[in-house]
Protein chains: 2
Amino acid sequence: MWTMEEAVSALKRQGAKITSQRLAILRLLQGRRDHPSAECVYQELKGEFPTISFATIYSTTQLLAQAELIQILTVDNKRVHFDPNPEPHAHYHCIHCGRIYDIPLNERTVGEILQHTDFQVDQIQIYLYGACPECLKGLTQ
Amino acid sequence: MWTMEEAVSALKRQGAKITSQRLAILRLLQGRRDHPSAECVYQELKGEFPTISFATIYSTTQLLAQAELIQILTVDNKRVHFDPNPEPHAHYHCIHCGRIYDIPLNERTVGEILQHTDFQVDQIQIYLYGACPECLKGLTQ
DNA sequence: GTACCTGCAAACAATTTGCACTAAG
DNA sequence: CTTAGTGCAAATTGTTTGCAGGTAC
């Protein structure tokens, strides 16, 4: 996982200005494993920045994705989720509660997938869908 | 690939009624390899059904997905695409032109991914992103 | 000082919903 | 005959855009 310093220099390398809102979003996402949505980021930052807007959240997260500091997940059809975890891993989306779980992945598996194409691949996402144990427990009670 | 007869009995098994609109959507999707969007289905059916609505297209495709006759792809952040191809394969989404390409996949690769979780998995999607050869050609000219 | 960034509000666009009418079984 | 499906229009909702003022550098 990147440090704040690494993230800031990655942004500077892109010619981006370091604003307090961008620092706050970086700090909020750093090390998170719960894949917050834009709404979630908005709610959590409203305390510190009562005037923060979705325009800023979306533009900043797109910038962070370009700098490869986060991935923007579209595992959930309804809204995007942000993931700062750089390690290759799959995502499991529970179709009942909407939770997103990380699933570990072999480097080798990614290599195997890439073997089947010679297209230029910038990004790879592996999404699994089903009912999570938590929800199955509730459903069978 | 399923035949129309198989598709119809799969729908009946679900207790669904066989309407002319549903047959038309099935016929349109059957064997398609170009991942049409809802808009695309709408445009293509307007000739035969001048009054067909998006409500029908969305509800029917959801029904077909439940019957496992098609998959609803969310590889494109903007809109869903329908895929009647039941064989395990990945999807490549060109970030320039938006085209979606099929990428073959080993059964074994899917097995490897599933090994890392004991969650119930109904569906697995593998999405690759990048600039396709067609677009790269244009970009470097 | 000047480009870029922010926040607001409005625009956008894909999908969903409510409801009266119609058609399948 | 009864239940489910269709089509329409309106609602919904996540995301994007235009622009005026503000801020990093």
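The chains referred to below are lettered A, B, ... by the order of the sequence lines, with proteins before strands, and numbering in each begins at 1. Remember, predicted model here, so these are calculated numbers, not experimental data.
- Scanning for ring-ring contact (aromatic ring centres under 6.0 Å, His included) contacts around H91(A) gives H35(A), H89(A), with sequence neighbours left out.
- Backbone-only engagement by Q62(B) is indicated by non-hydrogen atom pairs under 4.0 Å involving sugar-phosphate atoms exclusively.
- Rounded to an integer number of Å, the gap from CD of Q14(A) to C1' of dC5(C) is 15 Å.
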Could you go through nucleotides 19-23 of chain C and list every protein N or O atom that sits under 3.5 Å from one of its N or O atoms, giving the distance for each pair?
none

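- From one end of the helix from dG1(C)-dC25(D) to dG25(C)-dC1(D) to the other, with five pairs defining each end axis, the axis direction shifts by 40° (rounded to 10°).
- Look at CG on L73(B): it is 12 Å from P on dT15(C), rounded to the nearest Å.
- For the pair E39(B) and R22(A), both in contact range of DNA chain C, the more 5′-proximal nearest nucleotide belongs to R22(A).
- Close approach of DNA chain D to chain B, defined as any atom under 4.0 Å from a non-hydrogen atom of the protein, starts and stops at dT3(D) to dT16(D).
- A distance-only check finds no donor-acceptor pair linking the side chain of Y127(B) to the backbone of Y127(A) [under 3.5 Å].
- The closest side-chain heavy-atom distance from P84(A) to M1(A) is below 4.5 Å.
- Applying the salt bridge (Lys or Arg N to Asp or Glu O under 4.0 Å) test to residues at least two apart or on different chains, none of the pairs has a partner in residues 5-17 of chain A.
- Rounded to whole Å, atom P of dG7(C) lies 11 Å from atom CD of E48(A).
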Ignoring hydrogens and angles, write down the donor-acceptor pairs under 3.5 Å from the side chains of residues 42-49 of chain A, residues two or more places apart or on other chains.
unit_1 : atom_1 : unit_2 : atom_2 : d
Q43(A) : NE2    : E39(A) : OE2    : 2.7
E44(A) : OE1    : R32(A) : NH1    : 3.1
E44(A) : OE2    : R32(A) : NH2    : 3.0

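- In this structure, the salt bridge (Lys or Arg N to Asp or Glu O under 4.0 Å) partners of R108(B), at least two apart in sequence or on a different chain, are E112(A), E112(B).
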Between protein and nucleotides 8-13 of chain C, what N or O pairs are separated by less than 3.5 Å?
unit_1 : atom_1 : unit_2 : atom_2 : d
dC8(C) : OP2    : T51(A) : O      : 2.9

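- Between L29(B) and P36(B), the shortest heavy-atom distance links the atoms CD2-CG, 3.7 Å.
- Between F49(B) and G15(B), it is G15(B) whose nearest contact on DNA chain D lies nearer the 5' terminus.
- When the C1' atom of dT15(C) is taken as reference, atom CG of D76(A) falls 14 Å away, rounded to whole Å.
- Summarising the geometry, atom SG belonging to C132(A) is positioned 3.0 Å from atom OH belonging to Y101(A); distances are rounded to the nearest 0.5 Å.
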Using atom types as modelled, flag every donor-acceptor pair under 3.5 Å from a side chain in residues 59-66 of chain B to any protein atom, sequence neighbours excluded.
unit_1 : atom_1 : unit_2 : atom_2 : d
S59(B) : OG     : A55(B) : O      : 3.4
S59(B) : OG     : T56(B) : O      : 3.4
T60(B) : OG1    : T56(B) : O      : 2.8
T61(B) : OG1    : I57(B) : O      : 2.8
T61(B) : OG1    : Y58(B) : O      : 3.1

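- Summarising the geometry, atom OG1 belonging to T109(B) is positioned 9.0 Å from atom CD1 belonging to I126(A); distances are rounded to the nearest 0.5 Å.
- Judged as a salt bridge (Lys or Arg N to Asp or Glu O under 4.0 Å), not a single pair has a partner in residues 53-65 of chain B (not counting sequence neighbours).
- Between the OH atom of Y42(A) and the P atom of dT6(C) there is a distance of 15 Å, given to the nearest Å.
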Less than 3.5 Å apart, which donor and acceptor atoms pair up between the side chains of residues 70-79 of chain B and the rest of the protein, not counting sequence neighbours?
unit_1 : atom_1 : unit_2  : atom_2 : d
Q71(B) : OE1    : Q125(B) : NE2    : 2.7
D76(B) : OD1    : K78(B)  : N      : 2.8
D76(B) : OD2    : H81(B)  : NE2    : 3.2

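- Remark: R33(A) pairs with no residue by the salt bridge (Lys or Arg N to Asp or Glu O under 4.0 Å) rule, at least two apart or across chains.
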